[in-house]
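These notes are about the structure you will find just below.
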Amino acid sequence: MIVIKFGGTSVGSVDALRQAIEIVGAARERKPIVVVSALSGVTNHLVEATELACLGDLPGVQKIVATLRQRHEEIAFALVQQKSDYLESFLAQLGKHIDQIADILKGIALVGDVSPRAKDKIVAIGEKLSSVLFAYTMRLRMLKGVHIDSEDVVVTDANYGEATPDVKKTREAAAKVLLPEIERDHIPVMGGFIGRSTTGATTTLGRGGSDYSAAIIGAAVGAEEIQIWTDVDGMMTCDPRVIKSARVIDEISYVEAAELAYFGAKVLHPKTIWPAVELQIPIRVLNTHNVSSPGTLITATGVAGSSGPRAIAIKKDITVVHITSNQMLGAYGFLAKIFEIFARLQTPVDLITTSEVSVSLTIDRTDRLRELVHELQPFANVNVVDEQAIIALVGRNLMSDASIGKRIFASLENIPVTMISLGSSDLNLSLVMEARLGDVALQQLHRALFELSSEEAA
Ligand code: ASP
Ligand code: MG
C-alpha cells in the first residue's frame with residue numbers, strides 16, 4: 001500500500017487533475033490510497049466567506065459561494081464533456097456540499113458570530129469537494145476510485161482548527177473503512193485536512209494539514225511509502241530565488257528536514273509528517289508538473305553512509321543579544337537565571353554560544369526586547385545588535401569530516417562571522433553575520449559546497 005497525496009495546485013485545474021489521475025493509474029499495482037487538498041485557493045476563500053458572514057455581508061458571502069460552485073462545476077464539465085447521467089450525479093454531489101455550506105454561512109450572517117466548530121465545518125468543504133471531484137474523475141479513466149469520507153477514518157480530539165489525530169483510533173477506523181476497499185481492488189480517495197472528533201463533529205488539522213492527513217493515514221494502514229505531490233521538484237539545496245544554481249536534494253533525513261524548517265525552507269512541515277517518520281515510512285516529495293524528476297526522499301535516519309552537507313538556508317531579521325557578566329566566572333545557575341527571564345517574557349532563543357564570562361544568543365521576536373534588557377541589566381552588561389542573519393548549513397558529519405569545515409571557512413574568508421554554533425548532533429552548523437552580507441555568504445557557501453568538486457573548493 002502507498003499513500004498518494006496531491007496538494008492544491010496538483011488538483012487546481014483540469015490539466016493538473018488529469019495529470020494527477022495518470023499518476024495514480026501508474027501506481028495502481030502498489031494499492032494506492034489517494035489524499036487530496038482543496039483546489040488551490042479554495043480554503044482561503046472559505047475562510048474569507050466565514051469572516052464576511054460574521055460581518056453580516058451576505059452579498060459578499062454569496063459571491064464567494066457562487067465562485068466556488070462555478071469553479072468546481074466548470075472542471076466537472078470539462079472532464080466529462082457531455083451531458084449524461086454521470087455528469088448529473090457528479091454535479092449533484094458537488095451541489096449538495098455547496099448548498100449545505102451556503103446554509104451554514106447564512107445562519108452565521110444572521111447571528112453575526114461563528115463557533116470554532118461551525119468554522120471547521122465550513123473550511124472542510126474545500127477538501128470534500130476536491131475529493132469528490134477526484135473520485136469521479138478517476139472513474140472516467142476506468143480506475144476504481146471510491147470516495148471515502150475522511151471523517152469516517154481520521155479520528156481527532158476536539159481542538160477545532162488545529163485538531164490532533166489519534167493514531168490508534170484512526171488505525172482501527174482505517175481497518176474497518178479503508179482496508180476492505182483495498183481488498184476489493186478499489187482506490188480510496190479522501191480529502192486531506194479533515195477529521196472527526198470522538199464527539200462526532202467535523203474537525204480540521206490546521207492550515208496545510210493535508211500533509212498531516214497523508215502521514216496519519218499512511219501510519220494507520222502501515223503504508224510502504226507516502227508520496228507528497230506538489231508543484232516543485234522537491235526540497236532544494238538552497239532557496240532557488242536567491243541561488244539560481246540551487247538543485248534538488250535527492251535524499252534527506254527527517255531531522256535534517258526539521259532543522260531546515262525553521263528557516264522557512266519547508267516544502268512540507270516536518271511536524272506534520274512525524275507520525276509516518278516514527279514508523280519509518282519513507283516520504284517522497286514529487287512534482288505533479290514534472291513527473292520525470294526523481295524528487296526528494298525523506299527517511300527517518302537518512303541513507304546509511306551518506307555524509308556531507310544537504311542544504312543551506314538563511315534567516316534574516318535576527319537580533320543578537322550579548323550578555324557579559326563577571327558573576328558568570330566559576331558560578332553555577334547563571335544561565336538558568338538568564339533563561340528564566342527569556343521564558344517569562346515568552347521570547348524564544350534560537351542560537352546560543354557561551355564563553356566563561358559571556359553568553360551570546362539570537363532571537364527573532366523582539367516585541368519584548370526592552371523588558372528583556374531591563375531585567376538583564378542589574379547583573380550583566382547587555383549589548384544588542386540588530387540586522388543580523390543566521391546561515392544554517394544542514395547535513396551529516398559537518399565537522400567530523402575535516403574537509404567540509406575547510407571548505408566552509410575558506411569560502412567565507414571576506415565575511416566576518418560573529419557567532420558560530422555547531423549542533424550537538426553535527427547536523428547543523430549555524431553562522432551569524434550582518435544581514436547585508438547574508439546573500440553573498442550564501443552564494444559563496446553554496447558554490448563551495450554544492451557546485452565545486454572538493455579539490456576545486458579546497
Ligand atoms: N486546504 C488546506 C489549506 O489550504 C489544507 C491543505 O491544503 O493542506 O490549508
Ligand atoms: Mg499544502
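Whatever order the structure lists them in is the order used to number ligands and atoms, beginning at 1. All values below come from the heavy atoms of this structure, side chains included, with hydrogens, waters and symmetry mates left out.
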Listing request: all side-chain hydrogen bond (donor to acceptor under 3.5 Å, both in side chains) pairs with a residue in residues 437-446, at least two apart in sequence or in separate chains. T237-H446, K316-D439, N414-Q444, H446-E451
Between R310 and E251, is there a donor-acceptor pair closer than 3.5 Å when you use the side chain of the first and the backbone of the second? yes
Does the T296 side chain pair with the main chain of M235, one donor and one acceptor, at a distance under 3.5 Å? yes
Restricting to pairs with a member in residues 274-303, which pass salt bridge (charged side-chain N to carboxylate O under 4.0 Å, His left out), not counting sequence neighbours? E225-R284
For the ring pair Y136 and Y86, is the centre-to-centre distance below 6.0 Å? yes
Taking only non-hydrogen atoms of R207 and a 4.0 Å limit, the atoms of ligand 1 in range are 3 (C), 4 (O), 9 (O)
So the atoms of ligand 1 within less than 4.0 Å of a heavy atom of S37 turn out to be 6 (C), 7 (O), 8 (O)
Does at least one non-hydrogen atom of G192 fall below 4.0 angstrom from an atom of ligand 1? no
Close-contact set for ligand 1 against E127 heavy atoms, below 4.0 Å: 1 (N), 2 (C), 5 (C), 6 (C), 7 (O)
Look only at interatomic distance and state if G208 has a nitrogen or oxygen under 3.5 Å from any nitrogen or oxygen of ligand 1. yes
Looking only at heavy atoms of G209, does any of them come nearer than 4.0 Å to an atom of ligand 1? yes
Using 30° and 60° as the class boundaries, would you call the ring planes of Y254 and W274 parallel, tilted or perpendicular? tilted
N/O to N/O below 3.5 Å, does that happen between T43 and ligand 1? yes
Hey, is ligand 1 close enough to S210 that some N/O pair sits below 3.5 Å? yes
